[in-house]
2 protein chains.
Amino acid sequence: MKRNTWQREAVREALGQTEGFVSAQGLHSALHTSGSPIGLATVYRALGDLAGAGDADSLQSPEGESLYRACSTDAHHHHLICRNCGLTVEIEADAVETWAKTVAAKNGFTQAAHVVDVFGLCASCTQAATVHVVGPQQ
Amino acid sequence: MKRNTWQREAVREALGQTEGFVSAQGLHSALHTSGSPIGLATVYRALGDLAGAGDADSLQSPEGESLYRACSTDAHHHHLICRNCGLTVEIEADAVETWAKTVAAKNGFTQAAHVVDVFGLCASCTQAATVHVVGPQQ
DNA sequence: TCTCTATTGATAATGATTGTCAAAAGCAAT
DNA sequence: ATTGCTTTTGACAATCATTATCAATAGAGA
Ligand SMILES: [Zn+2]
Ligand SMILES: [Zn+2]
Ligand SMILES: [Zn+2]
Ligand SMILES: [Zn+2]
(Lines give C-alpha, C1' and ligand atoms only; values in the text may rest on other atoms or scores of the structure.)
(Ligands and ions follow the chains in the order given, each with its own letter.)
Protein backbone atom coordinates (compact mmCIF):
# COMPACT_ATOMS: atom_id res chain seq x y z
CA MET A 1 0.00 0.00 0.00
CA LYS A 2 1.16 3.53 -0.78
CA ARG A 3 1.81 5.75 2.21
CA ASN A 4 1.17 9.45 2.51
CA THR A 5 4.16 11.60 3.31
CA TRP A 6 4.60 15.33 3.50
CA GLN A 7 7.34 15.00 0.92
CA ARG A 8 5.04 13.69 -1.77
CA GLU A 9 2.49 16.36 -0.94
CA ALA A 10 5.19 19.02 -1.08
CA VAL A 11 6.18 17.92 -4.56
CA ARG A 12 2.59 17.83 -5.75
CA GLU A 13 2.05 21.28 -4.26
CA ALA A 14 5.22 22.78 -5.71
CA LEU A 15 4.50 21.31 -9.11
CA GLY A 16 1.01 22.77 -9.05
CA GLN A 17 2.40 26.18 -8.22
CA THR A 18 4.88 26.11 -11.07
CA GLU A 19 4.08 27.75 -14.35
CA GLY A 20 5.19 25.59 -17.23
CA PHE A 21 7.50 22.59 -17.16
CA VAL A 22 10.21 22.05 -14.57
CA SER A 23 12.99 19.57 -14.17
CA ALA A 24 13.37 17.46 -11.06
CA GLN A 25 16.46 19.43 -10.18
CA GLY A 26 14.65 22.71 -10.70
CA LEU A 27 11.75 21.70 -8.52
CA HIS A 28 14.11 20.47 -5.83
CA SER A 29 16.02 23.71 -5.72
CA ALA A 30 12.75 25.63 -5.64
CA LEU A 31 11.57 23.57 -2.70
CA HIS A 32 14.93 23.95 -1.02
CA THR A 33 14.88 27.69 -1.49
CA SER A 34 11.45 27.90 0.10
CA GLY A 35 12.80 26.16 3.18
CA SER A 36 11.94 22.54 2.54
CA PRO A 37 14.60 20.02 3.50
CA ILE A 38 13.32 17.45 1.03
CA GLY A 39 15.93 15.30 -0.62
CA LEU A 40 16.73 15.30 -4.32
CA ALA A 41 16.19 11.58 -4.78
CA THR A 42 12.77 11.92 -3.23
CA VAL A 43 11.79 14.61 -5.71
CA TYR A 44 12.84 12.33 -8.55
CA ARG A 45 10.79 9.49 -7.10
CA ALA A 46 7.74 11.61 -6.44
CA LEU A 47 7.75 13.11 -9.93
CA GLY A 48 8.14 9.69 -11.44
CA ASP A 49 5.19 8.44 -9.45
CA LEU A 50 3.04 11.41 -10.39
CA ALA A 51 3.82 10.94 -14.05
CA GLY A 52 3.19 7.23 -13.81
CA ALA A 53 -0.14 7.82 -12.16
CA GLY A 54 -1.14 10.27 -14.85
CA ASP A 55 -1.23 13.19 -12.41
CA ALA A 56 1.63 14.93 -14.16
CA ASP A 57 2.72 15.39 -17.73
CA SER A 58 6.27 14.65 -18.64
CA LEU A 59 8.35 15.30 -21.69
CA GLN A 60 11.97 15.57 -22.64
CA SER A 61 13.49 18.91 -23.38
CA PRO A 62 15.49 19.14 -26.59
CA GLU A 63 18.56 18.93 -24.35
CA GLY A 64 17.41 15.60 -22.99
CA GLU A 65 16.21 16.67 -19.56
CA SER A 66 12.99 15.19 -18.24
CA LEU A 67 10.50 17.94 -17.53
CA TYR A 68 7.28 17.74 -15.54
CA ARG A 69 4.10 19.71 -15.24
CA ALA A 70 0.94 19.42 -13.21
CA CYS A 71 -1.87 18.30 -15.44
CA SER A 72 -4.83 20.63 -15.51
CA THR A 73 -6.90 17.87 -17.02
CA ASP A 74 -6.68 14.14 -17.15
CA ALA A 75 -7.72 14.15 -20.78
CA HIS A 76 -5.13 13.48 -23.44
CA HIS A 77 -3.55 16.69 -24.72
CA HIS A 78 -0.35 18.25 -25.95
CA HIS A 79 1.76 21.32 -25.24
CA LEU A 80 3.07 24.48 -26.78
CA ILE A 81 6.20 25.38 -24.86
CA CYS A 82 8.38 28.48 -24.81
CA ARG A 83 11.91 27.20 -24.96
CA ASN A 84 13.19 30.33 -23.27
CA CYS A 85 10.96 30.90 -20.24
CA GLY A 86 9.07 27.61 -20.11
CA LEU A 87 5.62 29.14 -20.48
CA THR A 88 3.31 26.36 -21.52
CA VAL A 89 -0.04 26.29 -23.26
CA GLU A 90 -2.11 23.14 -23.28
CA ILE A 91 -3.43 22.43 -26.71
CA GLU A 92 -5.95 20.07 -28.16
CA ALA A 93 -5.34 18.38 -31.44
CA ASP A 94 -8.17 16.14 -32.50
CA ALA A 95 -6.86 16.32 -36.03
CA VAL A 96 -3.48 15.07 -34.88
CA GLU A 97 -5.04 12.30 -32.83
CA THR A 98 -6.93 10.86 -35.73
CA TRP A 99 -3.98 11.37 -38.04
CA ALA A 100 -1.69 9.42 -35.71
CA LYS A 101 -4.10 6.54 -35.46
CA THR A 102 -4.70 6.49 -39.18
CA VAL A 103 -1.08 6.58 -40.25
CA ALA A 104 -0.21 3.83 -37.79
CA ALA A 105 -3.03 1.60 -38.94
CA LYS A 106 -2.27 2.19 -42.59
CA ASN A 107 1.23 0.85 -42.06
CA GLY A 108 0.13 -2.16 -40.08
CA PHE A 109 1.26 -0.80 -36.72
CA THR A 110 -0.66 -1.55 -33.54
CA GLN A 111 -0.61 -0.12 -30.05
CA ALA A 112 0.22 3.28 -31.45
CA ALA A 113 1.28 6.05 -29.11
CA HIS A 114 2.62 9.42 -30.11
CA VAL A 115 4.82 12.28 -29.04
CA VAL A 116 3.63 15.67 -30.19
CA ASP A 117 5.15 18.83 -28.77
CA VAL A 118 5.53 22.29 -30.22
CA PHE A 119 8.41 24.46 -29.07
CA GLY A 120 8.85 28.12 -29.83
CA LEU A 121 9.37 31.57 -28.39
CA CYS A 122 6.40 33.09 -26.62
CA ALA A 123 5.31 36.64 -27.41
CA SER A 124 7.24 38.33 -24.61
CA CYS A 125 10.37 36.28 -25.14
CA THR A 126 10.18 37.06 -28.84
CA GLN A 127 10.39 40.79 -28.10
CA ALA A 128 13.25 40.33 -25.65
CA ALA A 129 15.11 38.12 -28.12
CA THR A 130 14.61 40.62 -30.91
CA VAL A 131 16.54 43.22 -28.94
CA HIS A 132 19.44 40.87 -28.52
CA VAL A 133 19.47 39.72 -32.11
CA VAL A 134 19.91 43.23 -33.46
CA GLY A 135 23.50 44.25 -34.03
CA PRO A 136 26.75 42.52 -34.96
CA GLN A 137 26.74 38.77 -34.42
CA GLN A 138 29.38 36.47 -32.96
CA MET B 1 36.41 25.33 -44.39
CA LYS B 2 35.20 21.79 -43.83
CA ARG B 3 37.65 18.99 -44.56
CA ASN B 4 36.90 15.54 -45.87
CA THR B 5 38.03 12.68 -43.68
CA TRP B 6 37.50 8.95 -43.96
CA GLN B 7 35.95 9.05 -40.49
CA ARG B 8 33.07 11.26 -41.55
CA GLU B 9 32.51 9.13 -44.61
CA ALA B 10 32.58 5.99 -42.51
CA VAL B 11 29.87 7.37 -40.24
CA ARG B 12 27.74 8.44 -43.17
CA GLU B 13 28.21 5.02 -44.72
CA ALA B 14 27.45 3.07 -41.56
CA LEU B 15 24.40 5.19 -40.86
CA GLY B 16 23.10 4.56 -44.34
CA GLN B 17 23.51 0.85 -43.88
CA THR B 18 21.58 0.83 -40.63
CA GLU B 19 17.93 -0.03 -40.61
CA GLY B 20 16.04 2.19 -38.21
CA PHE B 21 17.48 4.51 -35.61
CA VAL B 22 20.82 4.03 -33.86
CA SER B 23 22.56 5.72 -31.01
CA ALA B 24 26.03 7.18 -31.32
CA GLN B 25 27.33 4.45 -29.08
CA GLY B 26 25.60 1.79 -31.11
CA LEU B 27 26.99 3.08 -34.37
CA HIS B 28 30.45 3.32 -32.88
CA SER B 29 30.41 -0.27 -31.67
CA ALA B 30 29.09 -1.38 -35.05
CA LEU B 31 31.95 0.40 -36.78
CA HIS B 32 34.41 -0.96 -34.28
CA THR B 33 33.13 -4.49 -34.78
CA SER B 34 33.58 -4.18 -38.52
CA GLY B 35 37.20 -3.28 -37.99
CA SER B 36 37.14 0.50 -37.99
CA PRO B 37 39.37 2.18 -35.40
CA ILE B 38 37.25 5.33 -35.39
CA GLY B 39 36.98 7.08 -32.04
CA LEU B 40 33.76 7.48 -30.09
CA ALA B 41 34.01 11.24 -29.83
CA THR B 42 34.38 11.45 -33.58
CA VAL B 43 31.19 9.46 -34.09
CA TYR B 44 29.36 11.86 -31.80
CA ARG B 45 30.73 14.82 -33.71
CA ALA B 46 29.98 13.36 -37.14
CA LEU B 47 26.41 12.46 -36.19
CA GLY B 48 25.86 15.89 -34.75
CA ASP B 49 27.11 17.47 -37.95
CA LEU B 50 24.97 15.24 -40.14
CA ALA B 51 21.90 16.07 -38.11
CA GLY B 52 22.72 19.76 -38.15
CA ALA B 53 23.16 19.69 -41.89
CA GLY B 54 19.83 17.93 -42.34
CA ASP B 55 21.45 14.78 -43.70
CA ALA B 56 20.31 12.75 -40.74
CA ASP B 57 17.21 12.62 -38.64
CA SER B 58 17.51 12.62 -34.90
CA LEU B 59 15.16 11.98 -32.07
CA GLN B 60 15.36 11.10 -28.43
CA SER B 61 14.46 7.68 -27.21
CA PRO B 62 12.10 7.59 -24.25
CA GLU B 63 15.16 6.72 -22.19
CA GLY B 64 16.82 9.97 -23.18
CA GLU B 65 19.32 8.67 -25.70
CA SER B 66 19.80 10.58 -28.92
CA LEU B 67 19.10 8.38 -31.90
CA TYR B 68 20.03 8.99 -35.53
CA ARG B 69 18.93 7.80 -38.91
CA ALA B 70 20.01 8.51 -42.46
CA CYS B 71 17.50 10.74 -44.16
CA SER B 72 16.07 9.31 -47.34
CA THR B 73 14.83 12.72 -48.29
CA ASP B 74 15.84 16.23 -47.43
CA ALA B 75 12.25 17.30 -47.05
CA HIS B 76 10.80 17.78 -43.59
CA HIS B 77 9.10 14.60 -42.41
CA HIS B 78 8.35 12.45 -39.40
CA HIS B 79 8.61 8.84 -38.34
CA LEU B 80 6.56 5.84 -37.40
CA ILE B 81 8.78 3.65 -35.28
CA CYS B 82 8.38 0.10 -34.08
CA ARG B 83 9.31 0.16 -30.43
CA ASN B 84 10.28 -3.50 -30.56
CA CYS B 85 12.47 -3.97 -33.60
CA GLY B 86 13.18 -0.35 -34.53
CA LEU B 87 11.68 -0.59 -38.00
CA THR B 88 11.05 2.95 -39.13
CA VAL B 89 8.69 4.36 -41.72
CA GLU B 90 9.06 7.91 -42.91
CA ILE B 91 5.75 9.67 -42.99
CA GLU B 92 4.52 12.93 -44.35
CA ALA B 93 2.14 15.05 -42.41
CA ASP B 94 1.16 18.20 -44.19
CA ALA B 95 -1.86 18.46 -41.96
CA VAL B 96 0.34 18.33 -38.89
CA GLU B 97 2.75 20.87 -40.32
CA THR B 98 0.08 23.45 -40.90
CA TRP B 99 -1.55 22.65 -37.60
CA ALA B 100 1.72 23.20 -35.72
CA LYS B 101 2.32 26.51 -37.42
CA THR B 102 -1.22 27.65 -36.85
CA VAL B 103 -1.44 26.75 -33.20
CA ALA B 104 1.90 28.43 -32.52
CA ALA B 105 0.94 31.61 -34.32
CA LYS B 106 -2.46 31.75 -32.66
CA ASN B 107 -0.76 31.83 -29.28
CA GLY B 108 1.78 34.44 -30.24
CA PHE B 109 4.69 32.04 -30.48
CA THR B 110 7.45 32.52 -33.04
CA GLN B 111 10.25 30.30 -34.29
CA ALA B 112 8.04 27.30 -33.83
CA ALA B 113 9.52 23.85 -34.14
CA HIS B 114 7.82 20.61 -33.36
CA VAL B 115 8.45 17.07 -32.24
CA VAL B 116 6.10 14.56 -33.82
CA ASP B 117 6.82 10.86 -33.54
CA VAL B 118 4.53 7.87 -33.61
CA PHE B 119 5.57 4.70 -31.82
CA GLY B 120 3.88 1.35 -32.12
CA LEU B 121 4.34 -2.30 -32.93
CA CYS B 122 4.91 -3.16 -36.57
CA ALA B 123 2.91 -5.90 -38.22
CA SER B 124 5.43 -8.69 -37.69
CA CYS B 125 6.23 -7.68 -34.13
CA THR B 126 2.53 -7.56 -33.38
CA GLN B 127 2.27 -11.22 -34.35
CA ALA B 128 5.38 -12.18 -32.45
CA ALA B 129 4.00 -10.28 -29.47
CA THR B 130 7.49 -9.93 -28.07
CA VAL B 131 8.49 -8.46 -24.74
CA HIS B 132 11.37 -6.05 -25.26
CA VAL B 133 9.26 -2.92 -25.25
CA VAL B 134 10.69 0.49 -26.05
CA GLY B 135 8.84 3.74 -26.43
CA PRO B 136 5.93 5.56 -24.86
CA GLN B 137 3.16 3.33 -23.68
CA GLN B 138 -0.51 3.81 -24.13
C1' DT C 1 57.10 19.85 -50.15
C1' DC C 2 55.71 23.09 -46.68
C1' DT C 3 52.67 25.58 -43.67
C1' DC C 4 48.57 26.29 -41.54
C1' DT C 5 44.80 24.83 -39.20
C1' DA C 6 40.69 21.70 -38.89
C1' DT C 7 40.14 17.21 -37.13
C1' DT C 8 40.97 13.30 -34.50
C1' DG C 9 40.96 10.40 -30.31
C1' DA C 10 42.41 8.91 -25.70
C1' DT C 11 40.97 10.44 -21.63
C1' DA C 12 39.05 13.45 -18.10
C1' DA C 13 35.13 15.96 -16.84
C1' DT C 14 30.34 16.93 -16.65
C1' DG C 15 25.75 16.29 -15.27
C1' DA C 16 21.35 14.17 -14.99
C1' DT C 17 19.50 10.11 -13.20
C1' DT C 18 19.46 5.80 -10.51
C1' DG C 19 21.13 2.49 -6.90
C1' DT C 20 22.31 1.61 -1.98
C1' DC C 21 21.06 0.95 2.58
C1' DA C 22 20.70 2.38 7.35
C1' DA C 23 17.66 5.41 9.67
C1' DA C 24 13.08 7.54 9.99
C1' DA C 25 8.25 7.46 9.61
C1' DG C 26 3.42 5.69 8.17
C1' DC C 27 -0.12 2.54 9.41
C1' DA C 28 -2.72 -1.09 11.56
C1' DA C 29 -3.39 -3.85 15.40
C1' DT C 30 -2.90 -4.18 19.94
C1' DA D 1 -0.15 5.42 23.18
C1' DT D 2 2.79 1.38 22.12
C1' DT D 3 4.32 -2.22 19.30
C1' DG D 4 5.72 -4.23 15.13
C1' DC D 5 6.04 -4.53 10.41
C1' DT D 6 7.06 -2.20 6.03
C1' DT D 7 7.47 1.59 3.17
C1' DT D 8 9.84 5.73 2.39
C1' DT D 9 13.42 8.79 2.92
C1' DG D 10 17.96 10.95 2.00
C1' DA D 11 22.96 11.34 1.98
C1' DC D 12 26.06 9.49 -0.89
C1' DA D 13 28.02 6.46 -4.36
C1' DA D 14 27.52 4.63 -8.87
C1' DT D 15 26.08 4.81 -13.72
C1' DC D 16 26.14 6.31 -18.18
C1' DA D 17 25.50 9.24 -22.16
C1' DT D 18 27.54 13.22 -23.76
C1' DT D 19 30.99 16.99 -23.88
C1' DA D 20 35.44 19.20 -23.06
C1' DT D 21 40.62 18.88 -23.29
C1' DC D 22 44.53 19.10 -25.84
C1' DA D 23 48.55 17.04 -27.93
C1' DA D 24 49.14 14.59 -32.16
C1' DT D 25 47.56 13.83 -36.87
C1' DA D 26 46.40 14.81 -41.42
C1' DG D 27 43.52 17.69 -45.15
C1' DA D 28 44.33 21.21 -48.54
C1' DG D 29 46.12 25.12 -50.67
C1' DA D 30 50.50 27.62 -51.84
ZN1 LIG E 1 8.85 32.75 -23.10
ZN1 LIG F 1 -2.27 13.15 -28.82
ZN1 LIG G 1 8.87 -4.27 -35.45
ZN1 LIG H 1 6.67 18.29 -39.08
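So you know, we letter chains A, B, ... as the sequences are listed, proteins then strands, and number each from 1.
Atom NE2 of A:His28 is separated from atom C1' of D:dG10 by 9 Å (rounded to the nearest Å). Atom P of nucleotide C:dA25 and atom CH2 of A:Trp6 are separated by 10 Å, given to the nearest angstrom. Going from atom CG of B:Asn4 over to atom C1' of D:dG29 covers 14 Å, rounded to whole Å. Taking atom CG of B:Leu31 as the reference point, atom P of C:dT8 lies 13 Å away to the nearest angstrom. The NZ-C1' distance, from B:Lys2 to D:dA26, rounds to 18 Å in whole Å. What separates NE2 of A:His32 from C1' of D:dT9 is a distance of 15 Å, to the nearest Å. The distance between atom CG of A:Asp49 and atom C1' of D:dT7, rounded to the nearest whole Å, is 12 Å. As rounded to whole Å, 6 Å separates atom P of C:dT8 from atom CZ of B:Arg45.
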Sub-3.5 Å pairs of nitrogen or oxygen atoms, protein against nucleotides 17-19 of chain D:
unit_1	atom_1	unit_2	atom_2	d
D:dT18	OP1	B:Ser66	N	2.8
D:dT18	OP2	B:Tyr44	OH	2.7

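In this structure, CD on A:Gln127 lies 11.5 Å from CG on A:Leu121, to the nearest 0.5 angstrom.
A salt bridge does not link A:Arg8 with A:Glu13: none of the charged nitrogens is closer than 4.0 Å to a carboxylate oxygen.
The main-chain N or O of A:Ile38 is never found under 3.5 Å from a side-chain atom of A:Thr42 such that the two would form a donor-acceptor pair. Within the 3.5 Å criterion, the main-chain N or O of B:Ala75 finds a donor-acceptor partner in the side chain of B:His77.
Applying the 3.5 Å distance criterion, the base of C:dT5 shares a donor-acceptor pair with the side chain of B:Arg3.
Minimum atom distance to the side chain of B:Met1 is reached by C:dA6, of the listed C:dA6, C:dT8, C:dG26. Counting only heavy atoms from C-beta on, A:Thr5 has its side chain closest to D:dT8 among C:dG9, D:dG10, D:dT8. Listed candidates were D:dC5, D:dG10, C:dG9. Nearest to the side chain of A:Gln7 is D:dG10.
Contact check for B:Gln111 versus A:Phe119: no side-chain heavy atoms found under the 4.5 Å cut-off. Taking 4.5 Å as the limit, every side-chain heavy atom of B:Ser66 sits out of range of all side-chain heavy atoms of B:Ser58.
Of the side-chain N and O atoms in B:Arg8, one or more sit less than 4.0 angstrom from OP1 or OP2 of C:dT7.
Using cut-offs of 30° and 60° for the angle between ring planes, the A:His28 and A:His32 rings count as tilted.
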